[in-house]
J.: 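Take this structure, written in structure tokens, and hold onto it; I'll ask about it next.
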Amino acid sequence: ARFGEFEEGMTWLQALLLWHDDDPDLIHREATAVQRMSSGRVDSGVDVVAFYRRPGSSVSHAAVLSAGVTASRLQVALPSHIPMSLRLISRSEPIDLTNPIKPSTLRAAQARSEPMLLMMSEESEHLRPTWEVWARQTASGAPPRWTFLPEPESNLLEVTWLEEGNLSKVRFNICPGS
């Protein structure tokens, strides 16, 4: 099944999403990782959610690609050239898939995975957007200019733009050599 309202003629790609929970750093990231119950199984499953932007839209959207998934894989159709942030979200109550999902509702979920940023070409190549910022004059006297963000800050900005839409809350310092 396809999600969202996109232009006719858009290319859709079949994708197989795989995930696991045996990351050795998992115990250090308890608050941000979706974890299995102590019994070793997930009774209610997880929702696989895509946060995205339609071309030309200033509004972030969210779609549940599949609800209550108990396997560690999902086959899904994804649109090409659409930036997305995919997450696994654990829920304690069932959701009504007939009502539109509000991104704020999904952001409020207590247990969710780290985001997986994804944008694919029509040829199934992974595309990566780049973010630039207007850098103020530095203490060393370098003039103001547009500069590319390092990958960690770029990822933070991309996730915030896709999931929340309000970039005014993002703050970070870029130091030379970082």
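Values below: all heavy atoms of this structure, side chains included; hydrogens, waters and symmetry mates excluded. Model, not experiment: these values are computed from the prediction.
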J.: Write down the atom of Val46, the atom of Ser90, and the distance for their closest heavy-atom approach.
T.: CG1-CA, 4.3 Å
J.: Given the rule that I, L, V, M, F, W and Y join up when any side-chain heavy atoms are under 4.5 Å apart, are Met119 and Trp12 in one cluster?
T.: no
J.: Residues in side-chain hydrogen bond (donor to acceptor under 3.5 Å, both in side chains) with Gln75, at least two apart?
T.: Gln14
J.: Please check if Leu149 and Leu162 belong to a single hydrophobic cluster, counting links between Ile, Leu, Val, Met, Phe, Trp and Tyr side chain heavy atoms closer than 4.5 Å.
T.: yes
J.: side-chain contact (heavy atoms from CB on, under 4.5 Å) for Leu65 and Leu78? Distances and angles first, verdict last.
T.: CA-CA 9 Å; Leu65 301 180; Leu78 298 174; 4.2 Å; yes
J.: Measure the spacing between CZ of Arg73 and CG of Leu17 and express it to the nearest 0.5 Å.
T.: 12.0 Å
J.: Decide side-chain contact (heavy atoms from CB on, under 4.5 Å) for Leu157 and Val159; before the verdict, give the C-alpha distance in whole Å, the side-chain angles of both, and the deciding distance to 0.1 Å.
T.: CA-CA 6 Å; Leu157 200 58; Val159 168; over 6 Å; no
J.: With side-chain contact (heavy atoms from CB on, under 4.5 Å) as the criterion, how do Leu117 and Ser85 come out once you've worked through the C-alpha distance, each side chain's angles and the decisive distance to 0.1 Å?
T.: CA-CA 5 Å; Leu117 294 172; Ser85 173; 4.1 Å; yes
J.: Within the structure provided, determine whether Glu158 and Trp131 are in side-chain contact (heavy-atom separation under 4.5 Å).
T.: yes
J.: Would a single hydrophobic cluster contain both Met10 and Leu13, if residues Ile, Leu, Val, Met, Phe, Trp and Tyr are joined by side-chain heavy-atom contacts under 4.5 Å?
T.: yes
J.: Does the pair Val48 and Leu86 meet the rule for a side-chain contact (heavy atoms from CB on, under 4.5 Å), with working shown?
T.: CA-CA 7 Å; Val48 182; Leu86 303 178; 5.6 Å; no
J.: For Ala71 and Trp19, work out which heavy atoms get closest and say how close.
T.: O-CZ2, 3.2 Å
J.: Is the backbone of Leu88 close enough, under 3.5 Å, to the side chain of Asp47 for a donor and an acceptor to pair up by distance?
T.: no
J.: Is any side-chain heavy atom of Ser121 less than 4.5 Å from a side-chain heavy atom of His81?
T.: yes
J.: Answer with yes or no whether the hydrophobic clustering places Met120 together with Leu127; edges join I, L, V, M, F, W, Y residues whose side-chain heavy atoms lie under 4.5 Å apart.
T.: no
J.: Do Trp134 and Pro144 touch side chain to side chain, with heavy atoms closer than 4.5 Å?
T.: yes
J.: Who passes side chain to side chain contact (heavy atoms under 4.5 Å, CB included) against Ser57, sequence neighbours left out?
T.: Arg54, Val59, His61
J.: Checking Arg53 side chain against Pro83 main chain: does a donor-acceptor pair fall under 3.5 Å?
T.: no
J.: If only atom types and distance count, is the side chain of Ser80 paired as donor or acceptor with the main-chain N or O of Thr11 below 3.5 Å?
T.: yes
J.: Should we say atom CD of Glu122 is surrounded by more than 12 heavy atoms from elsewhere, each under 6.0 Å from it?
T.: yes
J.: Rounded to the nearest 0.5 Å, how far apart are CD of Glu132 and CH2 of Trp146?
T.: 7.0 Å
J.: Please determine if Arg87 and Glu114 form a salt bridge, counting it only when a charged side-chain N lies under 4.0 Å from a carboxylate O.
T.: no
J.: Quick check: do Thr147 and Val133 have side-chain heavy atoms less than 4.5 Å from each other?
T.: yes
J.: What distance separates Ser58 OG from Trp161 CH2, expressed to the nearest 0.5 Å?
T.: 10.0 Å
